[in-house]
Every structure is written in C-alpha cells, then in structure tokens.
Peer 1: 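Once you've had a glance at the structure underneath, I'll fire off some questions.
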Amino acid sequence: MRTLFVAASIAMSLFLSSTSFGMGAEDVVKKSQAAFLYPGKDFKARVMMKLINKDGQERIRELTMLRKNFGEPGGDQKYFMYFHQPADVRDMTFLVWKYPRKDSDRWLFIPAIKLVKRIAANDKRSSFVGSDFSYEDVSGRAVEEDNHSLLREEKYEGKDVYVVKSVPKASESVDFGYKLSWIDKGSFIPWKEEYYDKRGSLSKVFTANEVKPVQGFITVMRRTMKNVQSGHRTEVVYSDVKYNQGLSDSLFTERSLKNLPREISR
Amino acid sequence: MGEGRLQMELSQEGPLDSRLYLKGDLIGDGVGEKGDADLREFYLDHSPFPFLDVRLGRQIITWGTGDLIFVNDLFPKDFTSFFVGRNMEYLKVGSDAAKLSIYPGLFSMDIVAIPRFTPSEVPDGERLSFFNPFAGRLSASGERLSAKKPSFTLGSTEIATRIYRDFGSYEAALYGFRGFFKEPAGMDPAEGVLVYPKLSTYGSSLRGPFLGGIGSVEFGYNDSREDRSGSNPLIENSSLKYLLGYERELWSDFTVRAQYFLEQMLDYGEYKATLPAGAPVKSELRHLLFLRLTQFLRYQTLQLSFVGFYSPSDRDGMLNPEVTYKINDRWSATSGANVFFGKKDFTPFGQLTRDDNLYLRLRAGF
C-alpha cells in the first residue's frame, strides 16, 4: 500500500512538471532557433532595413539575403548578402560561413577596388551595417553559450508563450548581462526579446511585428530592434521570401562575391 | 589642391549572361585649372562555360593579402592619390586586359593578359616632390619626372596568374607574373629618363583565422630580368619580399591591423660594388611596419581611423589620421592629414617630407 502511494505521487509530480514546465528551457531555445534561424533547407529574401535615430532621421540598407543550411538546425550555415542601397554600399557583397562553435568566416567584397577583404569576426556583438542588430542577432548565438532558465509561462498579446532567461556563461565576451525571450508555445517564434545591460537596465528590445507562413514556414516578415537607451531603432521588412529554392553551394563562394550571379541581382 | 569629380556608372546586361560595365570620372582640377576625364573601368563580362568567367577591357584587378603593401599584386596603383588624400578607390588604376577566371572545382585560377602597359602613378613633381636620381637630390619646383613606357609590341604583353583554393577556413594562393616593374625602377642616362625594366615575380600566400583574428603571410620573389647579376647600378636588383599581417577586432567596432614587411635586396655585394660614387646607398634589408586603427561610432556614421607606416631601416614613414562623418545616406564628409617624415631624401617617404597635407572631401552618392 505504501509503495503504491509513493509510485502514485511520483507519477503525479512528473505529470505536473510536464504540464507547467512542458520542456526544458534549453529545448525551448533550441526549437526557437530552429524555427527562427533555420527554417527550410535554404532561404532567399529581399531585406529592407530602416535605421532611425531618436530625431526620426532615417537611413536605409537594402539587400538581398540568401541562406543555406548545412546539417541539422543549430549546425553550420552560409549567408550571402548583396547590397542594393544606399549608393556608398551599392554592389557590395558579403559572405559569411557560420559555425556555431567557432568564429565565423566572413568576406566582404569592395567593388570600387575589386578587393575581397577577409573580416576579423571574433566580436559578434559589433553592429551589422550600422544597425541596432549585431552580427549575432542576425545569425544567432550558440545555445550552449548561455545558461537558460524558464521563468514562467504567460500570454503575450494573446499568444501563449514561454518566458526564458538566458545568461551568458562568458560575460566578458558580450555587451549584455542577460536576455529575456517571449517564445511562442506553438511556433517557437520569439515575439519579443529584452536585452539587459550588465548593470541590469533594459538596453535593447526586439519585437516580431508581423509573422506569416510562407511555404508552410512561419516567417517574421517585419521586426524591430530598438535601443531604449539611445532611442535609435532599426526596422526590418522582408519581401519576396522564398524557401527551398535549391540554392547551389557555388553561390556561397568568392566567385559569387566578385562576379554576382544574375539569380541574386534580380 | 582643389578637385571636383563627377563619377558616372553604367551597367547593362546583355544576351547570353553578358554584362557591360562602365565607370568614368569627369574631373575639374583647381590646381591645373583644367577639366579632364578619366575612364576608370570599361569592360565586358561573359561566362561562356559554367567553369569560366571572362572579363575584357579596362578593369581593376586586386589580389594578395596586403593592406596598402603589395607583394604579388603587380597591377597598377596610384600612390599619388593616396598620398594627397583622395578616396581609397583611386588607389587602384585600371589595366587594359583580358582576364580569364577558371573554376575547375578543386582550385580556382585567374589568368590575366595585359597587352598595353599601364604604370603605377608615383610622385612625379606635379603634385608631390620626388627624388631625382640623375641630380641626386629632391626635385625642384616645376621639375617633372619623365619616364619612358615599354614599347607596345606583341612581346611586351604582361601575363599575371593566380591559383588559389581554400583549406577549411584557410585560403592559399600561388602567384606568377611576367612583365615590367610598375614603378620606374631603372634609369636610361643616355636619354635622361627613367624606365620600367623587365620583371618576373613568383609568390605565395596563406590567410586565415589566427589568435582570435585574421592572420596572413605572403612571400614574393622578384626576378629583375634585365639585371640578374645585380651588377647594373641603373636597374633595381632582384629581391625577396615577405609580408606578415594580422587583424583583430579588439572591441565592438574597433579593429586593429598590423603588418610587417621585409624586402631583401639580392646580390647586395654586386650592388654596392657597382654603385657610382656619391649615389645614395640603399640598405640590403628594408623593414616596414604598418598599423591601421579603425573605430566606428554612432551607428557607424562616424569613423575614426589612423594609418601609420614606419621603416626602421630607412628611418622614414607617414601618418594618416582621418575622420569620416556620414551626414546621411547621400552625403559624407571626410577630413584627414598626411604627414611624412624621413632623414634621407631618397627613401620612399623621405622624398615627400615637403608634401604634408590636410584634406577635406565631400562626397554625394546617388
């Protein structure tokens, strides 16, 4: 009788934990990265970035972005970017080979002097093209680099979400103290992320403003990163989103950097 | 100097995956009070096979691992533009060339044929003073350097090749060149002009991640074909060139690049033995240190940079601090200074000590 009672209570507590804390925080973050950064085998989009300062002055960055996955979500990826606007970066191309567990390889092609420049990439928190997004915000941060904990589950603008706190293990390597993420329980898209500085004050806020399925993949079509301390923000709009186009490996090479294939410029 | 430039660019896609590209500058020169035009690039691209890209016409070609120091890149440059503070894009000069880029799979290869010789622009007395080797002193005001280009014959076509591939994150390359010095490295005392002697080069490079940044090594052997023994004092000797480079982002938006360049003159004994009395003596080893610091601020609208060269062997160098402010997506303003120093008039930077300058550039892009 006694053994039965113990067994029943264990079963009960397991059941409770699986409902209230459905999965581990790290699993939530892994699934979120897979949904947000790795959907499809490959991806292509036209990206319009608006960099807006606190006085409302706008600068723009318009580019075509291609991504291809190599292996499972969380694994290696290659990115190719071609800049359309503004004039001082027009026709520049940028290639990233991302390896989650070591520094990415990055190359920038400067058309005016036909120079393929290798970019030192050890600081992933540097601003991407002068925007509020860092390189890491664009291509992701390895799950193992942070300690993740599930703070709570709640509703965010009517959607069921997990709220996850992520604390960098090597705090000296990053410019933030910790991050809170509001991750959709169904799609695992992050609706909101708050970055806190090392003094614990809110510094940057990411929001997914428009999300829709494209070829069955939930896609964040509009997003914003706002620096609440400087008042500067960056709004990003995706268009012409296409998945699984069978992008060839040869697109992600030095040859494409220097001699842009037509399938990219169009 | 005061100079206005209007640059126009035209790109036209043609049939069979071809593309015609043109970039030209109209120049209003406040020093010479004249107008000029500069056809920077004008070429046709075509890919007749999936493994082959062909580019025909006036084109800018760049390769190698150096930043402002070139070992295996024997394509023409315009150092005058750099020394007077023009935009970096004017450092490179187009070559009238045919370039084949071949991608068989295991490696990649470029073959460039340049039928018509284009020299590098070097200080020639028009804007910058130069060391006059005939007179053994710095150029006087109004004095011009005159140099005679190689004659335009079938045999004078220059050939440059590069074979390269990746090994993981590391990029390796082999280089070869047969043509002429791009700087006037020889003298013709009979005519009283400088000449561009025959030159072949062979080299290699490796670049990749190193100590949290990017490291590179490059080597080149310069074969001065008209003075293989080194005994002709009128023509530069053969040499070995070594370049080490390292770049690292020390903190967000702050990058440091350091380079060490060593040039070793070969047959130095012959050079010393045959040098005319009274002529300046170059050292056998030329060491050159290079530092570039770049800091972006305010969402990369403000860029502070510093470039410095210092040669412990020549005891000369230059300093180039610069600030660029991007007013908006169209307009940017750049201001900087070039300061040259050196003990001797005949060293590369020492000849420019009277040419310190401040510059201000306004640029609008549409």
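Residue numbering restarts at 1 for every chain, and letters A, B, ... go by the order of the sequence lines.
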Peer 1: For the interface with chain A, which of B/Arg257, B/Arg330, B/Glu89 has the highest count of heavy-atom pairs at distances below 4.5 Å?
Peer 2: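 Greatest number of close heavy-atom pairs with chain A: B/Glu89.
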Peer 1: Which residues pass the ring pair (Phe, Tyr, Trp, His ring centres under 6.0 Å) test with A/Tyr195, not counting sequence neighbours?
Peer 2: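 Expected list: A/Phe176.
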Peer 1: Measure B/Arg55 against the heavy atoms of chain A and call it side chain, backbone, both or neither at under 4.5 Å.
Peer 2: side chain
Peer 1: Has the side chain of B/Thr62 got a donor or acceptor atom that lies under 3.5 Å from a matching backbone atom of A/Leu115?
Peer 2: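 Not a single qualifying donor-acceptor pair exists.
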Peer 1: Highest number of heavy-atom pairs under 4.5 Å with chain A: which of B/Asp17, B/Thr255, B/Asp45?
Peer 2: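 With the most close heavy-atom pairs to chain A, the winner is B/Asp17.
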Peer 1: Between B/Gln59 and chain A, with a heavy-atom cut-off of 4.5 Å, which part of the residue counts as in contact: side chain, backbone, both or neither?
Peer 2: neither
Peer 1: Rounded to the nearest 0.5 Å, what's the gap from CZ on A/Arg255 to OG on B/Ser108? Could you check?
Peer 2: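 Rounded to the nearest 0.5 Å, the CZ-OG separation comes to 8.0 Å.
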Peer 1: Which residues in residues 87-97 of chain A have any heavy atom lying under 4.5 Å from a heavy atom of chain B?
Peer 2: A/Ala87, A/Asp88, A/Arg90, A/Asp91, A/Trp97
Peer 1: With only heavy atoms counted, which part of A/Leu51 is less than 4.5 Å from chain B, the side chain, the backbone, both or neither?
Peer 2: neither
Peer 1: Can you see which heavy atom on B/Tyr299 is nearest to which on A/Arg59, and at what distance?
Peer 2: O-NH2, 2.9 Å
Peer 1: For each of B/Asp329, B/Asn328, B/Ile214, tally heavy-atom pairs with chain A at distances under 4.5 Å, and name the one with the top tally.
Peer 2: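 When all of B/Asp329, B/Asn328, B/Ile214 are compared, B/Asp329 has the most.
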Peer 1: May I ask you to test the A/Ser126-B/Glu249 pair for a side-chain heavy-atom distance under 4.5 Å?
Peer 2: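 Heavy-atom side-chain distance check passes, below 4.5 Å.
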Peer 1: Residue by residue, scan residues 127-135 of chain A and write down, ordered by number, those that have a heavy-atom distance under 4.5 Å to chain B; if none do, write 'none'.
Peer 2: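 If one takes a 4.5 Å heavy-atom cut-off, the residues of residues 127-135 of chain A near chain B are A/Ser127, A/Val129, A/Gly130, A/Ser131, A/Asp132.
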Peer 1: Tell me, yes or no, whether the heavy-atom count around A/Lys102 atom NZ, taken from other residues, nucleotides or ligands under 6.0 Å, exceeds 12.
Peer 2: yes
Peer 1: Between CZ of A/Arg262 and OG of B/Ser47, what distance do you get to the nearest 0.5 Å?
Peer 2: 9.0 Å
Peer 1: Are more than 12 heavy atoms from other residues, nucleotides or ligands located less than 6.0 Å from atom CZ of B/Phe210?
Peer 2: no
Peer 1: Is it true that atom OH of B/Tyr246 has more than 12 heavy atoms of other residues, nucleotides or ligands lying nearer than 6.0 Å?
Peer 2: yes
Peer 1: After noting the C-alpha distance and the side-chain angles of B/Lys92 and A/Lys114, does the key distance pass the side-chain contact (heavy atoms from CB on, under 4.5 Å) rule?
Peer 2: CA-CA 9 Å; B/Lys92 295 291 287 194; A/Lys114 303 287 185 279; over 6 Å; no
Peer 1: Above 12 or not: heavy atoms from other molecules or residues under 6.0 Å from NZ of A/Lys169?
Peer 2: yes
Peer 1: Which of the residues B/Arg248, B/Glu247, B/Met88, B/Glu171 is involved in the greatest number of heavy-atom pairs with chain A at under 4.5 angstrom?
Peer 2: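 Option with the greatest count: B/Glu171.
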Peer 1: So which part of A/Gln57 gets closer than 4.5 Å to some heavy atom of chain B, the side chain, the backbone, both or neither?
Peer 2: neither
Peer 1: Identify which of B/Ser169, B/Gly212, B/Gly213 forms the greatest number of heavy-atom pairs closer than 4.5 Å to chain A.
Peer 2: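 Ranked by contacts with chain A, first place is B/Ser169.
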Peer 1: List the steps, then state whether side-chain contact (heavy atoms from CB on, under 4.5 Å) holds for A/Lys258 with B/Asp110.
Peer 2: CA-CA 12 Å; A/Lys258 293 186 295 189; B/Asp110 290 321; 4.2 Å; yes
Peer 1: Does anything in residues 223-250 of chain A get under 4.5 Å of chain B by heavy atoms, and if so which residues?
Peer 2: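 Answer by number: A/Asn227, A/Ser230, A/His232.
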Peer 1: Can you tell me which portion of B/Phe254 sits under 4.5 Å from chain A's heavy atoms? Options are side chain, backbone, both or neither.
Peer 2: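 Contact with chain A is absent: no heavy atom of B/Phe254 under 4.5 Å.
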Peer 1: Most heavy-atom pairs under 4.5 angstrom with chain A, which of B/Tyr103, B/Phe296, B/Phe366?
Peer 2: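 Most pairs with chain A among the choices: B/Tyr103.
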